[in-house]
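Here the structure comes first, spelled out in structure tokens, and everything after it is commentary.
Within every chain, numbering begins at 1; the chains are lettered A, B, ... in the order of the sequence lines, protein sequences first and strands thereafter. What you see is a predicted model, and the numbers here were worked out from it, not measured in a lab.
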There are 2 protein chains.
Amino acid sequence: MGGTVQAKTAKIQDVARIAGVSTATVSRALSNPDLVAESTRKAVMDAVEESGYRINHAARNLRRQRSGSILALVPNLANPFFSQILAGLSSVLSPAGYGLLIADTQTDNNPQERLRSYILNGLADGIVIFDGHLPEKQMLPPQHPPIVLACEWVDFDLPSVRVDNAKGAQIAIQHLYDNGHRRIGHITGPLGNVLADSRLNGMKNTLEQLGLAVRKEWIFNGDYSMDSGTFAAKQWLALDDRPTAVFCASDEMATGFMGALQHAGIDVPNDVSVVGFDNIEVVEHLTPALTTIRQPRRLIGQHAGQMVMNMIDDGVMSCASEIIPVELIERKSVVAPKT
Amino acid sequence: MGGTVQAKTAKIQDVARIAGVSTATVSRALSNPDLVAESTRKAVMDAVEESGYRINHAARNLRRQRSGSILALVPNLANPFFSQILAGLSSVLSPAGYGLLIADTQTDNNPQERLRSYILNGLADGIVIFDGHLPEKQMLPPQHPPIVLACEWVDFDLPSVRVDNAKGAQIAIQHLYDNGHRRIGHITGPLGNVLADSRLNGMKNTLEQLGLAVRKEWIFNGDYSMDSGTFAAKQWLALDDRPTAVFCASDEMATGFMGALQHAGIDVPNDVSVVGFDNIEVVEHLTPALTTIRQPRRLIGQHAGQMVMNMIDDGVMSCASEIIPVELIERKSVVAPKT
DNA sequence: AAAAAACTTGTAAACGATTACATTTGAATT
DNA sequence: AATTCAAATGTAATCGTTTACAAGTTTTTT
């Protein structure tokens, strides 16, 4: 509350002058209070108050050789699947003083190069990547900031935070089986995607263990989007011999699938049971409410953020991955098949 | 492609040495190519290539007194409503060389102070705010970076990019009227929210113009969330004298409303017609597909980004607001009322 | 052909912090 | 009392750019 209006923003020099100490002492009082005497600290704080001093991050970053922010590379920012994860990320980064920088890799024609440039530019102290296709081992410079994958993963030494996708698929299939289904189909994620593959494989393996056939015509290719669910519905409708249940690799596809089926006059779940994956918010409000595999998205974001900050603090470029458990959420989209 | 591995990252000095020019020339060749001779530029570019030089943003920002990023202040990052807008923002910011910094104002116990600190800290060259409650005139320092509101707005001189909410409400009500409805209810957004208020007022005015009663017990208070839609459904169910149609101030509430009604055995749209607001992706896949007012979210993000960049370039702190038109999307959730 | 204008380029001073190293002071140890 | 040690502070270099100013070339104008 101390008086004159600042023409220019105060700098550390001004604080030092007012407090009657050197700039070094001000800096220490601010970022390492234990190093200065109690009385000095007080004087500095008062001077800060009086001058309205605010640290200049660009200057600090330059000197400290850091950026103070973490970069999140999202394949498609418009996809609401990421919003919860980003919220989780933000919730741990923010209190720790990190900024959250977000980039959409999809809008880019050369995301690989973009990643490289982000790394090299030193724009971020750490990077969280949501797209397993993005980083390639040979693209990574020998020296790079900590990188962690979230949801997806890669086959070299970048750590990741993810759920046990195969397990999720297994739980889903088992649930369908327990409800009497023996004819089970699947809508996959995009081919080649690690997530899609492990859900597909988890499904196939479980089917085999249960002694059930894996029928090729019951596997519909999707890309996680609602529209691809709609497209799968068309294929399902065209089938002579239909599966009585379909496990979808994403809730979005399940939503599109159910919607298109219902619009075509099919009764879900009585004509076909559906299980999703992710437990996005909306599916509880669908009719029927969707039975799905919960993926704790907020938690994934939080852990990824924590992991990348730990790596920064420890100065390491790699660490152990983390697998977060999945869980079946039973709702109304699964019933016993008609006989 | 030029040979030795860099022990340390090259700096502008190194480039200058290799190219045989001064650092000033390198800087100019890079950021203002027109100022240097063709031949020199070439030499510099070659030297950049050879040394693997990357600009150090912290240094540049310090010197230029800018941050190179735009801050988006989102009330709740977990809300998928914002993802499209952020995607739009990102799509214009990124090509222009701006980073997109995102902060969730909800996780914060004192967002006002946080906003102030963001402004004062100079962490961003411009700010996009999605929460009309956030900025208060007296909180803004006399000198602040360009700020634009998106979706919401304030009653002082900050510009905004938004849709015509009252008009949207009017279109929705008129549509219901045209389909024969005379008993129309509403689920509001959170009280005091500018958006919620103008949609409510738009609705009331239209009702009056049409000579219809505004019945208090048919106005349900919500907060845009699906859960509040569910809650409104309970109230609707408890009514003796029910409206035959409900206009919801958000698609999320419409989704929760329809879902809860259907779970309770009510037939939508035959027992009650529903109109939403926003046209979020999922509503087209609901059963019945939701009739709604489209709010072009991606576009809003793009325009907000453009606006803030223009303000930065022009060095102004204010400019004219922009109203983006809304549009009725007719689907299946509105039919004539039962007689 | 001299003067003026237009290009190029270099020199060196910022930008605003942090921190290694040096110095001072006072307390603790021998 | 002399020595050692720790705590508190100051001095000044440094982080890597950009850019005002000056100076040296050409080119254009008169």
Side-chain angles (χ1 to χ4, degrees), chain A residues 6-45 47-48 51-69 97 99 117 120-123 125 145, chain B residues 6-45 47-48 51-69 97 99 117 120-123 125 145:
Chain A
Q6 279 72 42
K8 292 281 163 188
T9 71
K11 47 187 82 167
I12 209 168
Q13 285 265 17
D14 303 313
V15 178
R17 185 166 26 74
I18 296 174
V21 296
S22 72
T23 61
T25 300
V26 175
S27 175
R28 282 189 282 250
L30 260 27
S31 50
N32 229 332
D34 295 342
L35 290 181
V36 306
E38 169 69 26
S39 58
T40 313
R41 195 185 323 157
K42 173 100 172 46
V44 169
M45 291 315 181
V48 166
S51 60
Y53 170 77
R54 294 281 168 155
I55 196 168
N56 178 317
H57 282 83
R60 161 183 282 185
N61 291 340
L62 171 58
R63 176 60 221 230
R64 285 202 178 156
Q65 305 271 62
R66 319 179 336 146
S67 74
S69 38
S117 105
L120 262 19
N121 280 355
L123 274 175
D125 297 334
Chain B
Q6 279 72 40
K8 291 283 163 187
T9 70
K11 48 186 80 165
I12 210 170
Q13 284 266 16
D14 302 315
V15 178
R17 186 166 24 73
I18 297 174
V21 297
S22 74
T23 60
T25 300
V26 175
S27 176
R28 281 190 282 251
L30 260 28
S31 51
N32 227 336
D34 296 340
L35 291 181
V36 307
E38 169 69 27
S39 58
T40 314
R41 194 185 325 157
K42 172 100 171 53
V44 169
M45 292 314 182
V48 165
S51 61
Y53 169 78
R54 294 282 168 152
I55 197 169
N56 179 318
H57 282 84
R60 159 181 285 184
N61 291 341
L62 172 58
R63 175 60 221 229
R64 285 198 176 161
Q65 305 273 60
R66 319 181 335 146
S67 74
S69 36
S117 106
L120 263 19
N121 279 354
L123 275 174
D125 297 335

Exercise. Between B/Ala24 and B/Ala59, who's closer to the 5' end of DNA chain C by nearest nucleotide?
Worked result: B/Ala24
Problem set entry | Close side-chain approach of B/Val36 to B/Val44, heavy-atom, < 4.5 Å | no
Exercise. Do B/Ser31 and B/Arg64 have side-chain heavy atoms sitting under 4.5 Å apart?
Worked result: yes
Exercise. Given C/dT9, is OP1 or OP2 found less than 4.0 Å from the side-chain N or O atoms of B/Thr40?
Worked result: yes
Problem set entry | Atom pair distance, as rounded to whole Å: CG in B/Leu35 and C1' in C/dA6 | 12 Å
Exercise. Would one find a side-chain N or O of A/Tyr53 under 4.0 angstrom from OP1 or OP2 of C/dA17?
Worked result: yes
Exercise. Can you tell me how far C1' of C/dC15 sits from CD1 of A/Ile55, to the nearest Å?
Worked result: 14 Å
Seminar exercise, completed: Closest heavy-atom pair, A/Ile18 versus A/Ala47, reported as atoms and distance to 0.1 Å, is CG2-CB, 3.7 Å
Problem set entry | Interatomic distance where CZ belongs to A/Arg28 and C1' belongs to D/dT9 [whole Å] | 6 Å
Exercise. Under 4.0 angstrom, heavy atoms only, what part of the nucleic acid is A/Ser27 near: base, sugar-phosphate, or nothing?
Worked result: base
Problem set entry | Rounded distance (Å) that lies between atom P of D/dT17 and atom CZ of B/Arg17 | 13 Å
Seminar exercise, completed: note: A/Lys42, atom NZ; D/dT9, atom C1'; distance rounded to Å ~ 19 Å
For this session: Starting from the C-alpha separation in whole Å, work towards a yes-or-no answer on salt bridge (charged side-chain N to carboxylate O under 4.0 Å, His left out) for A/Lys11 and A/Asp14.
Result: CA-CA 5 Å; A/Lys11 47 187 82 167; A/Asp14 303 313; 6.0 Å; no
Exercise. Which part of the nucleic acid does A/Arg66 contact within heavy-atom distance under 4.0 Å: base, sugar-phosphate only, or nothing?
Worked result: nothing
Seminar exercise, completed: To the nearest angstrom, the CG-C1' distance between B/Asn32 and D/dT17 comes to 14 Å
Exercise. Between the base of D/dG16 and the side chain of B/Arg54, is there a donor-acceptor distance below 3.5 Å?
Worked result: no
Problem set entry | Length of the line joining B/Leu30:CG and D/dT19:P, which is rounded to integer Å | 13 Å
For this session: Nearest whole angstrom, please: distance from the C1' of C/dG16 to the CZ of A/Arg64.
Result: 13 Å
Exercise. Can you find a pair of side-chain heavy atoms, one from B/Met45 and one from B/Leu30, that are under 4.5 Å apart?
Worked result: yes
Exercise. Which one, D/dT18, D/dG16, C/dG10, comes nearest to the side chain of B/Arg63?
Worked result: D/dT18
For this session: Please tell me which of the listed nucleotides, C/dC15, D/dG16, D/dT9, lies nearest to the side chain of B/Asn56?
Result: D/dG16
For this session: Please state whether the phosphate of D/dG16, meaning OP1 or OP2, lies under 4.0 angstrom from any side-chain nitrogen or oxygen of A/Gln65.
Result: yes
Exercise. Do the side-chain N or O atoms of B/Thr25 get closer than 4.0 angstrom to the phosphate oxygens (OP1, OP2) of C/dG10?
Worked result: yes
